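The structure appears below as structure tokens.
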Amino acid sequence: MLKKAFIGSLVERKSELVGSQVVVCGWVHRIRDLGKVKFLVLRDRTGFIQATLKAGVTPSEVLEEAERIKLESVVCVEGLLSEAPTREGVEVKVENLKVLSIPVEPLPLEPGESDKAALPVRLKYRWLDLRNPKVSSIFEFEAFVARVFREYYASQGFVEIFTPKIVAAGTESGAEVFPVLYFDKTVYLAQSPQFYKQFAVIAGLERVFEIGPVFRAEPHHTTRHLNEYHSLDIELGFIENYHDVMSYVEGFFRELAKRMEEDNTARKALEVHGAEPPRIPASGIPKVRIREAYEILRERYGKVIPEGEDLDSEAEKLMASYAREEYDSDFVFIIEYPWRVRPFYTMRIDFEPEWTYSFDLLFRGLEVVTGGQREHRYERLVENLESKGLKKDDFQFYLDFFKHGAPPHGGAGMGLERIVMQSLKLQNVREARMLPRDTERVVP
RNA sequence: GCCGCGGUAGUAUAGCCUGGCCUAGUAUGCGGGCCUGUCAAGCCCGUGACCCGGGUUCAAAUCCCGGCCGCGGCGCCA
């Protein structure tokens, strides 16, 4: 390895390393050339460090080589780590220098302040945008969320599964899937692992989770939709009711909030974005029946949502204010959604079939989780399908799973990028995706 | 899909409403020069832009129409 340590760790261990030889590799973030003294600020994802070259001290062939360096050149320097009046408190007195790469044309975007550029420009030159530590911290944070998700559910006895992304039919409707040419037939990109995570539960794995991409062919033009995003899915068998599912969802967010306080990477990301870990009341995330929500919205905010309709995004924001004011919570569960706005596999309430055992979780006013109890009784499932006007034949492969013993079960799907967006208070989900795919964008 | 807003150097912007004072200003980058302790280094010189097409007018970055591209709201959803 050319590089032995991240810059951040060298700086962290400065008290033991000062006075010793170090090798530092990174990108040239700044060049301050005073003629006979030259300062290079080197950067990697973990931090900055100054490298100093001085006429009469640094070997002349090294000084000469340093003349070639431009901003964002990739270099390794070797020298004595010394105390210095820099931000980091140290600098490297360069004795040897290797230029590994020099930009071949002027930079279209300056990494140091790329977050001030317009989003389309940043996305076009994302490899430069990501060099801005404020931007890379988003993806370190995303990895953190995924890691906590994986660790939390594994610790609760869930098995990680990997389901197909090439599927024969859409999950709920046919309209919002991307067709793909698969040998001599048309298949689709999965818009949810829904059927297959239920498959895994019924197949006896009982509790499963998956982190994977999903594809939505909707032509949205908003700050909260992507055509390709990552779904954090869970599904569990032998539940008593859908509150069991919500407990596991809440458990994850509680763990996530806790680890945001403890984890250095997460803390740093929150700090540079001016965000704080979410507030969850000790008494639990509040649960509001959607029928109550209609009333709250009407009486408290003068916002009318007709009975049996879904909440629109304004209503979701208002319910977030309600949760903050009444419960000091950044989260609120909206429960018992109307049957007409939920997919056919949702379990309906026995004595009120127009309503369902389902929920959404709003995080600071944005829907980040959807879940509920699934219908596991074969005949009921067929009825549900018919009630939605769907053809039984199109879903027979799925119905077959339920023919040979299916426990009561439920689950949820969470949008990874949305969780990152809301945690860090980003203005646009695209910022939470390294290379977002939207209606127009397929490169880079 | 429907609706709204926008497009000025590599980047970020001023100018547009109220046409002429625009030979299009500023910052940063880029090229060159000075400087032995800078830290968003500083100073000097230079470089570089009105999305495309049509129209109105003596005169268009500015007003009008069309196109292309971008952004956002709604719907739908994570």
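Values below: every heavy atom of this structure, side chains too, minus hydrogens, waters and symmetry copies. As the structure is a prediction and not an experimental result, all values here were calculated from the model. Order of the sequence lines sets the chain letters (A, B, ...), proteins ahead of strands, with each chain counted from 1.
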So, does A:Ser313 get its side chain near the phosphate of B:C74, meaning an N or O under 4.0 Å from OP1 or OP2? yes
If a pair means Watson-Crick or G-U wobble with both distances below 3.5 Å, what does RNA chain B look like in dot-bracket form, with | marking bases paired to a different strand? (((((((..((((......[....))))((((((.......))))))...(((((..]....))))))))))))....
Which nucleotide in the set B:U38, B:G10, B:A12 lies at the smallest distance from any side-chain heavy atom of A:Ala118? B:A12
Sub-6.0 Å ring centroid separation between A:Tyr248 and A:Phe252: no
Using the P atom as the reference point in each nucleotide, state the distance between B:U28 and B:C45 in Å, no decimals. 14 Å
So A:Lys93, base contact, sugar-phosphate only, or nothing? Heavy-atom distance under 4.0 Å. base
Which residue pairs pass the ring-ring contact (aromatic ring centres under 6.0 Å, His included) test with at least one member in residues 111-136 of chain A, sequence neighbours excluded? A:Tyr125-A:Trp127
Euclidean distance for C1', B:G20 against B:C63 (whole angstrom): 14 Å
By the 4.0 Å heavy-atom rule, please label A:His230 as base, sugar-phosphate, or nothing. nothing
Partners passing side-chain contact (heavy atoms from CB on, under 4.5 Å) against A:His273 (at least two apart in sequence or in another chain): A:Lys134, A:Ser137, A:Ile138, A:Leu424, A:Leu426
Distance under 6.0 Å and angle within 45° of the ring axis: does A:Arg342 meet both against A:Tyr337? yes
Can you run down the salt bridge (Lys or Arg N to Asp or Glu O under 4.0 Å) pairs that involve residues 51-61 of chain A, sequence neighbours left out, and say none if there aren't any? none
Indicate, yes or no, whether a donor-acceptor pair under 3.5 Å links the base of B:C76 to the side chain of A:His225. yes
I want to check one thing: is the phosphate of B:G72, taken as OP1 and OP2, less than 4.0 Å away from some side-chain N or O of A:Thr223? no
Here the distance between atom P of B:A40 and atom CG of A:Asn132, to the nearest Å, is 16 Å
Name the residue closer to the 5' end of RNA chain B, choosing between A:Val37 and A:Ala117 according to the nucleotide with the nearest heavy atom. A:Ala117
Protein-nucleotide distance (A:Leu63, atom CG; B:U36, atom C1'), rounded to Å: 12 Å
May I ask you to list the residues of residues 417-442 of chain A, by number, that have any heavy atom positioned under 4.0 Å from an atom of RNA chain B? A:Arg418, A:Asn428, A:Arg430, A:Glu440, A:Arg441
From CD of A:Glu316 over to P of B:C76, roughly how many Å is that when rounded to an integer? 11 Å
I'd like to know whether the aromatic ring centres of A:Phe178 and A:Phe215 sit less than 6.0 Å apart in this structure. no
Considering only atom P, compute the distance from B:C65 to B:G4 and round it to an integer number of Å. 13 Å
Taking any heavy-atom pair under 4.0 Å as a contact, classify A:Val57: base, sugar-phosphate, or nothing. nothing
What is the distance, to the nearest angstrom, from the CD atom on A:Glu91 to the C1' atom on B:U38? 10 Å
Would you check if the side chain of A:Arg437 reaches a backbone N or O of A:Glu228 as a donor-acceptor pair within less than 3.5 Å? no
Where along residues 134-143 of chain A does a heavy atom fall under 4.0 Å from RNA chain B? none
A:Asn227: partners by side chain to side chain donor-acceptor pair (under 3.5 Å), with sequence neighbours left out: none
Decide, applying a 5.5 Å centre-distance limit and a 30° plane-angle limit (both strict), whether A:Tyr229 stacks on B:A78. yes
Length of the line joining A:Glu235:CD and B:A78:P, which is rounded to integer Å: 13 Å
side-chain contact (heavy atoms from CB on, under 4.5 Å) against A:Pro219, all qualifying residues, sequence neighbours excluded: A:Thr439
Would A:Arg348 and A:Trp355 count as a cation-pi pair here, with the cationic atom under 6.0 angstrom from the ring centre and within 45° of the axis? no
Sugar-phosphate, base or nothing in reach of A:Val214, heavy atoms under 4.0 Å: nothing
Can you tell me, in whole Å, how much space there is between the C1' of B:A27 and that of B:G6? 23 Å
With a non-hydrogen cut-off below 4.0 angstrom, is A:Pro219 in contact with a base, only sugar-phosphate, or nothing? base
Whole-Å gap separating P (B:A78) and CZ (A:Phe253): 13 Å
For A:Arg254, check side-chain contact (heavy atoms from CB on, under 4.5 Å) against everything at least two apart and list the hits. A:Glu250, A:Ile280
For B:C68 and B:G32, measure between their P atoms and round to the nearest Å. 43 Å
Calculate the interatomic distance between A:Glu228 atom CD and B:A78 atom P; express it in whole Å. 17 Å
When the C1' atoms of B:G19 and B:C3 are compared, how many Å lie between them, rounded to an integer? 31 Å
Choosing from B:U36, B:C2, B:C39, which nucleotide comes nearest the side chain of A:Gln50? B:C39
Ignoring the backbone of A:Pro108, work out which of B:G10, B:U38, B:U36 is nearest its side chain. B:G10
Taking the C1' atom in each of B:U26 and B:U18, what is the distance between them to the nearest angstrom? 24 Å
Expected string for nucleotides 25-34 of chain B under the B/S/- scheme (protein heavy atoms, under 4.0 Å, primed atoms plus P, OP1, OP2 as sugar-phosphate) is ---BSS----
Base, sugar-phosphate, or nothing: which does A:Arg224 touch, judged by heavy atoms less than 4.0 Å apart? base
Closest to the A:Phe39 side chain, choosing from B:U38, B:U11, B:G10: B:U38
Starting at the 5' end of RNA chain B and moving along, which residue's nearest nucleotide shows up first, A:Ser231 or A:Lys116? A:Lys116
What residues form a side-chain contact (heavy atoms from CB on, under 4.5 Å) with A:Asp233, not counting sequence neighbours? A:Pro193, A:Lys197, A:Ser231
Result block: side-chain N/O donor-acceptor pairs under 3.5 angstrom for residues 140-148 of chain A, not counting sequence neighbours:
{"residue": "A:Glu140", "atom": "OE2", "partner": "A:Arg45", "partner atom": "NE", "Å": "3.0"}
{"residue": "A:Arg147", "atom": "NH2", "partner": "A:Asp263", "partner atom": "OD2", "Å": "3.4"}

What contact category does A:Glu314 fall into here, base, sugar-phosphate, or nothing, at under 4.0 angstrom with non-hydrogen atoms? nothing
Please work out which of the three classes, parallel, tilted or perpendicular, describes the rings of A:Phe253 and A:Phe331, given edges at 30° and 60°. tilted
From C-beta outward on A:His221, which listed nucleotide comes closest to its side chain: B:G70, B:C77, B:C74? B:C74
Heavy atoms from C-beta onward define the side chain here; which of B:A78, B:C39, B:U38 lies closest to that of A:Arg87? B:C39
Between A:Arg259 and A:Glu151 (salt bridge meaning N to carboxylate O under 4.0 Å), is one present in this structure? yes
Between A:Phe395 and A:Phe344, does the ring centre distance come in under 6.0 Å? yes
Rounded to whole Å, CG of A:Leu361 lies from P of B:A78 at a distance of 12 Å
When you compare B:G53 with B:U62, how far apart are their P atoms, in angstrom units rounded to a whole number? 13 Å
Any ion pair linking A:Lys388 and A:Glu386 (charged N to carboxylate O, less than 4.0 Å)? no
